[in-house]
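In the text below, chain A, chain B and the rest are named by the order of the sequence lines, each starting its count at 1. Predicted model, so just to flag it, every value in this text is computed and none were measured.
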Amino acid sequence: MSNYLKISFPSGTVRDVPRGSSAREALELDGHFLAVAASIADKAVDINAALYEDCSIVGIEANSQQGLEIIRHSASHIMAEAVKSLFPAIKVAIGPAIESGFYYDFEREEPFTSADLELIEQKMREIIAEDGAFSREEMSRSEATLLFEKLGESYKVELINDLPPEVTNVSIYRQGDFVDLCRGPHIASTGKVGAFKLLSVAGAYWRGDEKNKMLQRIYGTAFSSKQELDEYLHLVEEAKRRDHRRIGKDLDLFQVSEEAGAGLVIFHPKGMMLRYLIEEWERKEHIKRGYQMVMGPQILKADLWKLSGHYDNYRENMYFTEVDGQSYGIKPMNCISHMLIYKSQLRSYRDLPIRYFELGTVHRHEKAGVLHGLMRVRQFTQDDAHIICTPEQLSSEIKGVADFVATAMQIFGFEYEVELSTRPVKSIGSDSDWELATSALRGALVESAIPYDVHQGDGAFYGPKIDFKIKDALNRKWQCATIQCDFTLPERFELHYIGEDGLRHRPVMLHRVILGAIERFMGVLIEHFAGAFPLWLSPVQAVVVTVTDKHIPYGQKVLELLKSAGIRSEGDFRNEKLGYKVREAQLQKTPYALVVGDKEIENGTVALRKRGGEQLPSVSVEEFIREVVSLSQRYE
RNA sequence: GCCGAUGUAGCUCAGCUGGUAGAGCAAACGAUUCGUAAUCGUUAGGUCAGGAGUUCAAAUCUCCUCAUCGGCUCCA
């Protein structure tokens, strides 16, 4: 056995490195000094991991995505050490790195206060200043169980017990007096955490199960340098300014009032105009794509909800009311009426596919703690459609919907992620139906070259689905569009069509939304544009601003012309200085301010100021109207 | 629903260990007549989320309810 290993580096060079050297020593031989960890054959390991085999090695630098993850994971251990040293009675649960930081869950009776957080931060700074080493040890399961039992860390013992049986050894990491069950890797020493901040405390169920004990979770974030941390915190502040609840108030779009009730949105004129514009676009687009508009009642007899299965599976989310001694359910979904429309006639295979579209308002009793601005409400309107088709038509119908989603997202300017959710353990329907539906969904994604993630077992109990997710200002993902295959409802409502063979056949049903809930979509839309909507969506497209009072008559004339041309416009004829009114137009994110003064009256023009401050040449009112109309028609 | 925090004028927020409310912006009125992000002055505006309790006295302390915020669970 040679005393040297052949180690290859990303530069392409291969070097002889003494057997048993650390990853750090190998990297330094090749001139890399900045790595916080290493990646050996694509597996992340400690920078001090010893090398015993020929391999390829890449340094993981502090500010790379992977490097940050390691720093944050290590920061969570440091936080746990600080917490244990300040409050020895606390039990630690679990503490990973997450997308933009880290957390650790603790069991402690008294809540953590902001003063506690400061103490913990202080302690963490001490630990980081000491720059103690993270050291890795491997041991058998039983040794590890014994170790954590002795420490009284019952959550760790539970984690070890629940490891799959084929796992015989586990690794632990020590730093200072703190020991944690951990796969690693970690930074070499605590001093490698350049900058961190604890952000918030929240409750979290042990292992994410609401039947378990609620633990206290401390969130924080860490970076390799103070500057990066500051940039991040600044970014978060910026994002808060895009919050749709903030903008909804500033631009007078909507309210959710305590008097009216939680989760119930009241649209103000400007918010309603925005909503109207979205809905108008949708109606036109649906008609273009062969959908028929329909509309069902808001309440339907409870018997129907029993037939559909909602009564058994969805009752706790539904509201019920009584009319003339009969129980009625307020609809939480729109499908039932659509079933009845289909059933109102005998259908031939020649009629299929049938696509029923409804801007359907539904009510769902969402738990109080989940309500969130426009994103999570108790009454909302879905751009809902049910496509009833033959099994053979399934694939092309799904592609049609995916294309619809792509068009919509492009028009509104969103990037999105796609998830395919497959059969859950608890489900109904035959294997062949599931196979057909799942491959139809997958096939449509593949053929349309749409990248997607598979979420195994996340489908609805009645069928698989494709979800489309877009992000809000704080990077939280929200589901908007979804396509779901449903075998249950055609079965339960005994839908059929007469086939070419003259016999009755069971159709397949697709349930789909494009924007999802209009309310939620508007919320994400507001944050996406930070209230500065494209011209075609702006509730107010232009504001006429007079320089002084004597220009009001001309301003009024201009305003009338704009209005009669269908341009959504307002006049700001207040006795204020021009700068004041321009500022207001800017803060209201109005696309155009039309300034009228002596010069404009003389030439019969308006001076154009675009949102953002760009000064355009003065134009005639007619020219401005032509331009705005043409831009709006192109959805710009 | 669960954990924690918060709730004072239309908005943003002050109000220390209990002694019955204050600023800026907005509003109304007046002055000013102004050229692209805030003209000046005056006035008005509050059941301190709601309810109960402790106290001579509660925005302030306690309890309950409602709502909001950050999470968890759930979801369009």
Exercise. Do the side-chain N or O atoms of A:H372 get closer than 4.0 angstrom to the phosphate oxygens (OP1, OP2) of B:rG71?
Worked result: no
Exercise. When you check the phosphate oxygens OP1 and OP2 of B:rU68, does a side-chain N or O of A:R245 lie under 4.0 Å from one of them?
Worked result: no
Seminar exercise, completed: Between CD of A:E576 and C1' of B:rA37 the distance, given in whole Å, is 13 Å
Exercise. Side chain of A:Q484, base of B:rA76: donor and acceptor closer than 3.5 Å?
Worked result: no
Problem set entry | Steps toward side-chain hydrogen bond (donor to acceptor under 3.5 Å, both in side chains) verdict (A:Q541, A:Y592) | CA-CA 6 Å; A:Q541 296 173 302; A:Y592 292 100; over 6 Å; no
Exercise. Looking at B:rC74, does its base get a donor-acceptor pair with the side chain of A:R376 below 3.5 Å?
Worked result: yes
Exercise. Which whole number of Å gives the distance between the P atom of B:rG22 and that of B:rC34?
Worked result: 40 Å
Exercise. Hey, does A:R520 reach any base, or is it just sugar-phosphate, or nothing, if we go heavy atoms under 4.0 Å?
Worked result: base
Exercise. Above 12 or not: heavy atoms from other molecules or residues under 6.0 Å from CD of A:E316?
Worked result: yes
For this session: Cation-pi check, A:R108 to A:F87: give yes when NZ or CZ is under 6.0 Å from the six-membered ring centre and within 45° of the ring axis, no otherwise.
Result: yes
Exercise. Could you state the CZ-C1' distance from A:R207 to B:rC74, rounded to the nearest angstrom?
Worked result: 20 Å
Exercise. Would you say the side chain of A:Y205 and the base of B:rG1 hold a donor-acceptor pair, judged only by whether the two atoms sit under 3.5 Å apart?
Worked result: yes
Problem set entry | Separation of B:rU65 P from A:E258 CD (nearest whole Å) | 14 Å
Exercise. Base, sugar-phosphate, or nothing for A:Q479, non-hydrogen atoms under 4.0 angstrom?
Worked result: sugar-phosphate
Exercise. So, is A:R246 close to the B:rU12 phosphate, meaning a side-chain N or O under 4.0 Å from OP1 or OP2?
Worked result: yes
For this session: Quote, to the nearest angstrom, the P distance that separates B:rU60 from B:rC3.
Result: 24 Å
For this session: For A:E415, look at atom CD and say whether over 12 heavy atoms of other residues, nucleotides or ligands are found less than 6.0 Å away.
Result: no
Exercise. How close or far is atom P of B:rG35 from atom CD1 of A:I552, stated in whole angstroms?
Worked result: 16 Å
Exercise. So what does A:V545 hit on the nucleic acid, given a heavy-atom distance under 4.0 Å: a base, only sugar-phosphate, or nothing?
Worked result: nothing
For this session: Take the protein atom CG of A:D243 and the nucleotide atom P of B:rC11, then report the distance between them rounded to whole Å.
Result: 16 Å
For this session: Establish, with yes or no, whether the OP1 or OP2 oxygen of B:rA26 is under 4.0 angstrom from a side-chain nitrogen or oxygen of A:Y580.
Result: yes
Exercise. Rounding to the closest angstrom, what is the interatomic distance between B:rG1 and B:rU20 at atom P?
Worked result: 39 Å
Problem set entry | Between P of B:rG71 and CG of A:L215, the distance in whole Å | 18 Å
Problem set entry | Nearest-angstrom distance from the residue atom NZ of A:K249 to P of B:rC13 | 9 Å
For this session: Establish, for the pair A:R72 and A:F223, whether the NZ or CZ atom is under 6.0 angstrom from the six-membered ring centre and no further than 45 degrees off its axis.
Result: yes
Exercise. With both distances under 3.5 Å as the test, what is the Watson-Crick or G-U wobble partner of B:rG22?
Worked result: B:rC13
Exercise. What interatomic distance, in whole Å, is found between P of B:rA44 and the corresponding atom of B:rC61?
Worked result: 32 Å
Exercise. Looking across every strand, which nucleic acid part, if any, lies under 4.0 Å from A:V513 by heavy atom: base, sugar-phosphate, or nothing?
Worked result: nothing
Exercise. Taking the nucleotide of RNA chain B with the closest heavy atom to each, which residue, A:E109 or A:L515, is nearer the 5' end?
Worked result: A:E109
Problem set entry | Separation of the C1' atoms in B:rA49 and B:rA5, to the nearest angstrom | 16 Å
Exercise. With a 4.0 Å cut-off on heavy atoms, is A:E366 in touch with a base, just the backbone sugar-phosphate, or nothing at all?
Worked result: base
Problem set entry | Geometric cation-pi criterion A:R217 and A:Y103, 6.0 Å radius, 45° cone | yes
Exercise. Rounding to the closest angstrom, what is the interatomic distance between B:rC69 and B:rC11 at atom P?
Worked result: 15 Å
Exercise. Among B:rG35, B:rG1, B:rC3, which is the nearest nucleotide to the side chain of A:M214?
Worked result: B:rC3
Exercise. How many Å lie between CD on A:Q216 and P on B:rU73, as a whole number?
Worked result: 16 Å
Problem set entry | A:S154-A:K91 side chain donor-acceptor pair, cut-off 3.5 Å | yes
Exercise. According to the Watson-Crick and G-U wobble definitions, with both distances under 3.5 Å, which nucleotide is paired to B:rU60?
Worked result: none
Problem set entry | B:rG30 pairs with, by Watson-Crick or G-U criteria that keep both distances under 3.5 Å | B:rC40
Exercise. With a 4.0 Å cut-off on heavy atoms, is A:L587 in touch with a base, just the backbone sugar-phosphate, or nothing at all?
Worked result: base
Exercise. If pairing requires Watson-Crick or G-U wobble contacts with both distances under 3.5 Å, which nucleotide is the partner of B:rU55?
Worked result: none
For this session: Determine the Euclidean distance between corresponding P atoms of B:rA58 and B:rG53; express it in Å to zero decimal places.
Result: 12 Å
Problem set entry | Sugar-phosphate, base or nothing in reach of A:R611, heavy atoms under 4.0 Å | nothing
Exercise. Between A:E600, A:H551, A:K581, which is the residue that forms a side-chain hydrogen bond (donor to acceptor under 3.5 Å, both in side chains) with A:T546?
Worked result: A:K581
Seminar exercise, completed: Partner of B:rC74 under the Watson-Crick or G-U wobble criteria, both distances under 3.5 Å, comes out as none
Exercise. Is there a side-chain polar atom (N or O) of A:Y219 under 4.0 Å from OP1 or OP2 of B:rC72?
Worked result: yes
Seminar exercise, completed: Checking N1-N3 plus N6-O4 or O6-N4 for Watson-Crick, or N1-O2 and O6-N3 for wobble, each under 3.5 Å, the partner of B:rG46 is none
Exercise. How is A:F380 classified with respect to the nucleic acid when contacts are heavy atoms under 4.0 Å: base, sugar-phosphate, or nothing?
Worked result: base
Exercise. Checking all strands, does A:R108 fall into the base, sugar-phosphate, or nothing category for heavy-atom contacts under 4.0 angstrom?
Worked result: nothing
Exercise. A:Q615 near the nucleic acid: base, sugar-phosphate alone, or nothing, with a heavy-atom cut-off under 4.0 Å?
Worked result: base
Problem set entry | Residue matched to B:rG4 through Watson-Crick or wobble contacts both under 3.5 angstrom | B:rC69
Seminar exercise, completed: On RNA chain B, more 5' by nearest nucleotide between A:V201 and A:T113 is A:T113
For this session: Would you mind classifying the nucleic acid contact of A:G208 as base, sugar-phosphate or nothing, using non-hydrogen atoms under 4.0 angstrom?
Result: sugar-phosphate
Problem set entry | Minimum-distance nucleotide to A:V547 side chain [options: B:rC34, B:rU73, B:rA37] | B:rC34
Problem set entry | Charged tip of A:R364 within 45° of A:F380 ring normal and under 6.0 Å | no
For this session: Assign A:A368 to base, sugar-phosphate, or nothing according to its heavy-atom contacts below 4.0 angstrom with the strands shown.
Result: base
Problem set entry | Pairing of A:E280 and A:R283 as salt bridge, 4.0 angstrom limit | yes
For this session: Quote, to the nearest angstrom, the C1' distance that separates B:rU54 from B:rU62.
Result: 7 Å
Seminar exercise, completed: Within residues 590-609 of chain A, the residues having a heavy atom closer than 4.0 Å to RNA chain B are A:V595, A:G597, A:D598, A:K599, A:E600, A:A607, A:R609
Exercise. Considering only B:rA38, B:rC75, B:rU68, which nucleotide approaches the side chain of A:R583 most closely?
Worked result: B:rA38
Exercise. Could A:R315 and A:Y311 be counted as a cation-pi pair, given that NZ or CZ must be under 6.0 Å from the ring centre and within 45° of the axis?
Worked result: yes
For this session: Report yes if the ring of A:F112 lies under 5.5 Å from the six-membered base ring of B:rG4 with planes under 30°, and no otherwise.
Result: no
Problem set entry | Lys/Arg-Asp/Glu bridge criterion (N-O < 4.0 Å) met for A:R289, A:E285 | yes
